[in-house]
**Student:** 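Below you will find the structure I want to go over with you.
In what follows, every heavy atom counts, from backbone to side chain, and hydrogens, waters and symmetry copies are set aside. Throughout, a chain's letter reflects where its sequence line sits, starting with A, and its residues are numbered from 1.
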Amino acid sequence: MANKVLMKGNEAIAEAAIKAGCMHYFGYPITPQTEIAAYMAKKMPKIGGVFLQAESEVAAINMVYGVSSTGKRVMTSSSSPGISLKSEGLSYMAGSDLPTLVVNVERGGPGLGGIQPSQSDYFQATKGGGHGDFHMIVLAPSSVQEMADLTIKGFDLADKYRMTSMILADGTMGQMMEPVEISDDVQITKYEKPWATTGTNCERKHNIVNSLSLVPEELEELNYKRYEKYAQIKENEQMAEEFMMDDAEICVVAFGIAARVSQNAVVEARKQGIKVGLIRPITLWPFPEKVLSKAADKVKAFISVELSMGQMVEDIKLATSCKKPVELCNRVGGMIPSPEQVLAKINEVKGGLK
Amino acid sequence: MAKLTFETDLCKGCGLCVNACPKNLLVLSKDKINLKGHSPVEITDEAACIGCASCAIMCPDCIITVER
Amino acid sequence: MKVFEKPKALTDAPFHYCPGCTHGIIHRLVAEAIDELGIEGKTIGVAPVGCAVMAYNYFACDMIEAAHGRAPAVATGVKRSCPDNIVFTYQGDGDLASIGMAETVHSAARNENITVIFVNNAIYGMTGGQMAPTSLPGQVTQTSPYGRDVNHCGYPVKVCEMLAQLEGPEYLERVAVNNVANIRKAGKAIKKAFENQINKKGFSLIEVVSTCPTNWGMKPTDALKWLDENMLPYYPLGVYKDRSKEEK
């Protein structure tokens with residue numbers, strides 16, 4: 001049992017991670033996610049866990065690599081510029097098939113950018129996040145409760161598929177406070193990790209955690225195998241929420257804070273008699289292609305609402321095979337679209353429908 | 001009485017052991033070539049070996065076993 | 001009676017190193033220390049990027065291959081996760097003193113309870129002989145073809161001297177593998193670096209001055225001579241920090 005408590009999104013992630021059995025956290029301060037580190041710094045020493053402030057994001061992700069090699073749950077968190085630094089480690093973890101959870105509480109970019117909310121790391125997160133052919137499971141919470149729930153889910157998926165799960169949240173998700181309930185008794189599935197490097201005890205051949213493969217035929221095979229796993233994930237793990245989609249002619253697609261704004265706009269548009277609904281991707285990778293491709297046969301147009309110059313809009317076009325027009329409604333640089341802006345876009349699209 | 005055993009096929013003919021031998025008993029073969037294509041080390045006078053293991057300590061490829 | 005044989009902590013895999021490359025000697029010294037201390041079953045090694053990248057094939061203990069320069073961070077994670085295991089990194093000069101300088105300095109500053117084996121041969125071997133952070137003034141390499149010009153690219157990094165300024169590290173020693181006597185001393189230093197970890201004393205780094213005959217463009221025997229005449233005057237051997245001695 002657990003009580004509802006008022007928490008910041010960042011704190012909810014930290015508490016949920018601990019409840020999910022993550023006893024190791026490494027990070028480097030960066031706004032707007034530092035509350036995660038602060039929470040861990042306070043909590044971990046009291047419960048026999050490890051919090052260590054690393055000398056850089058690069059070091060932090062490599063400490064994560066070390067703990068993950070020993071088969072234990074471990075995480076790091078950062079914000080956009082810090083995730084760029086971690087991308088080296090993310091690629092090595094993918095190449096070594098190591099599980100972990102990485103949190104990106106995005107801020108406006110590129111470069112140092114700003115510290116206000118953004119979703120402009122969508123490409124970086126969903127298309128790999130480092131060199132080489134790989135994917136991470138990318139989860140996009142749109143409430144503080146989901147920050148917690150998806151953290152728990154993310155650890156499970158990471159262990160299940162031996163890969164990185166990323167929580168891709170925007171600054172609002174990290175900073176806002178909402179009531180949240182995290183069970184004291186999170187059910188944790190135990191995954192065997194015979195590959196872990198914890199010492200041979202002189203009882204088995206040595207384990208090697210490694211991403212180097214100099215024989216091209218072998219490296220090719222490794223890549224194909226990894227993509228077979230990705231295909232399985234695409235088949236089994238797509239998550240999305242549908243809202244008022246039954247008779248919708250226009251489908252708004254949005255995640256995170258953009259989805260909350262869009263939902264208000266949809267409700268308002270319905271009052272005006274416009275048949276509009278919302279699809280909220282929860283997994284950004286795998287992208288919820290199934291629900292979108294189904295929608296493409298029913299609706300007349302899509303609107304992608306994003307805090308970026310238009311990144312997810314490309315995945316919507318791919319998922320729907322461009323069967324219907326896909327419009328973009330966005331703000332960037334730390335700005336958030338208002339319900340009025342989304343409503344205006346819905347009206348504009350409605351006006352253009354035949 | 002000391003005895004040296006060489007894993008001749010792993011020898012890379014670098015000659016570090018040759019220089020390390022205090023009795024100058026080691027040479028790189030003049031007439032043999034091993035699997036790796038190197039001229040491997042040989043001992044010229046087994047009876048004169050004092051088993052000091054200097055050659056083995058210097059060998060970068062762990063190809064020498066020393067018994068005494 | 002066998003008085004010398006290949007240590008058990010090395011696998012049967014033949015080293016891929018060039019003829020006369022002293023990596024093999026240093027691998028053996030690490031393995032001998034592991035054997036003598038009876039810790040193979042609980043040791044976890046972290047390999048670098050560079051010539052020793054495939055060290056994971058040679059040590060019989062569990063091994064992790066790290067990104068370039070990141071071995072001390074990876075080892076930090078491993079040690080924090082498994083404090084009762086023995087964790088070592090094996091790194092070259094480019095890996096430890098250039099791209100991984102931050103990880104090196106901060107793991108030393110934290111007195112991370114790990115053992116670091118630092119192989120300094122003043123050149124990048126794997127990529128074909130480029131200037132290293134430890135290349136000597138005037139040293140000709142592929143990327144300093146007219147000799148290292150200190151006015152243009154600065155001075156070599158003396159790692160032991162630099163780290164000795166920190167309060168953190170437990171033990172810093174520079175050794176060499178250019179002759180039998182020095183190899184014996186190097187073996188003792190490496191063993192001590194592992195013992196320090198077993199005794200939970202903290203960060204021990206052994207800098208091993210070593211050769212690269214191929215990229216120095218010399219016969220292996222000449223490379224040892226060059227090390228003696230050029231490297232050792234610039235990188236004097238000795239103990240740079242031993243905190244347990246300071247406390248006495």
**Student:** At a heavy-atom distance under 4.5 Å, which candidate from A/L214, A/V74, A/I208, A/N201 has the highest pair count against chain C?
**Tutor:** A/I208
**Student:** Under the 3.5 angstrom rule, does the side chain of A/H206 hit a backbone N or O of C/F59 as a donor-acceptor pair?
**Tutor:** yes
**Student:** Just checking A/F51: does its CZ atom have more than 12 heavy atoms from other residues, nucleotides or ligands closer to it than 6.0 angstrom?
**Tutor:** yes
**Student:** Given side-chain contact (heavy atoms from CB on, under 4.5 Å), test A/N210 with C/M63 step by step and report yes or no.
**Tutor:** CA-CA 8 Å; A/N210 181 28; C/M63 293 295 294; over 6 Å; no
**Student:** Quick check: closest heavy atoms across A/T200 and C/E40, and the distance to 0.1 Å?
**Tutor:** OG1-O, 4.0 Å
**Student:** Write down the atom of A/A59, the atom of C/A73, and the distance for their closest heavy-atom approach.
**Tutor:** O-CB, 3.6 Å
**Student:** How long is the straight-line distance from CD of C/E65 back to OG of A/S96, given to the nearest 0.5 Å?
**Tutor:** 8.0 Å
**Student:** Tell me, with the steps shown, if C/V78 and A/T197 meet side-chain contact (heavy atoms from CB on, under 4.5 Å).
**Tutor:** CA-CA 9 Å; C/V78 176; A/T197 50; 5.6 Å; no
**Student:** Just give me the residue among C/C61, C/A109, C/A102 that pairs up with chain A most often, heavy atom to heavy atom, under 4.5 Å.
**Tutor:** C/C61
**Student:** Do A/V58 and C/E103 touch side chain to side chain, with heavy atoms closer than 4.5 Å?
**Tutor:** yes
**Student:** Under a 4.5 Å cut-off applied to non-hydrogen side-chain atoms, are A/L212 and C/V53 in contact?
**Tutor:** yes
**Student:** Surrounding NZ of A/K42 (heavy atoms of other residues, nucleotides or ligands, distance under 6.0 Å), is the total greater than 12?
**Tutor:** no
**Student:** Side chain, backbone, both or neither: which part of C/A60 has a non-hydrogen atom closer than 4.5 Å to chain A?
**Tutor:** backbone
**Student:** Between A/A196 and chain C, which part of the residue has a heavy atom less than 4.5 Å away: side chain, backbone, both or neither?
**Tutor:** backbone
**Student:** Between C/I64 and chain A, with a heavy-atom cut-off of 4.5 Å, which part of the residue counts as in contact: side chain, backbone, both or neither?
**Tutor:** both
**Student:** What distance separates C/R70 CZ from A/Y92 OH, expressed to the nearest 0.5 Å?
**Tutor:** 8.5 Å
**Student:** Identify which of C/G45, C/G69, C/A67, C/C82 forms the greatest number of heavy-atom pairs closer than 4.5 Å to chain A.
**Tutor:** C/A67
**Student:** Do side-chain atoms of A/N207 reach the backbone of C/D62 as a donor and acceptor pair under 3.5 angstrom?
**Tutor:** no
**Student:** Nearest heavy-atom pair of C/R110 and A/E55: which atoms, and what distance?
**Tutor:** NH1-OE1, 3.0 Å
**Student:** Compare every heavy atom of A/T70 with every heavy atom of C/S81, then report the nearest pair and how far apart it is.
**Tutor:** OG-OG1, 2.7 Å
**Student:** Measure A/I61 against the heavy atoms of chain C and call it side chain, backbone, both or neither at under 4.5 Å.
**Tutor:** neither
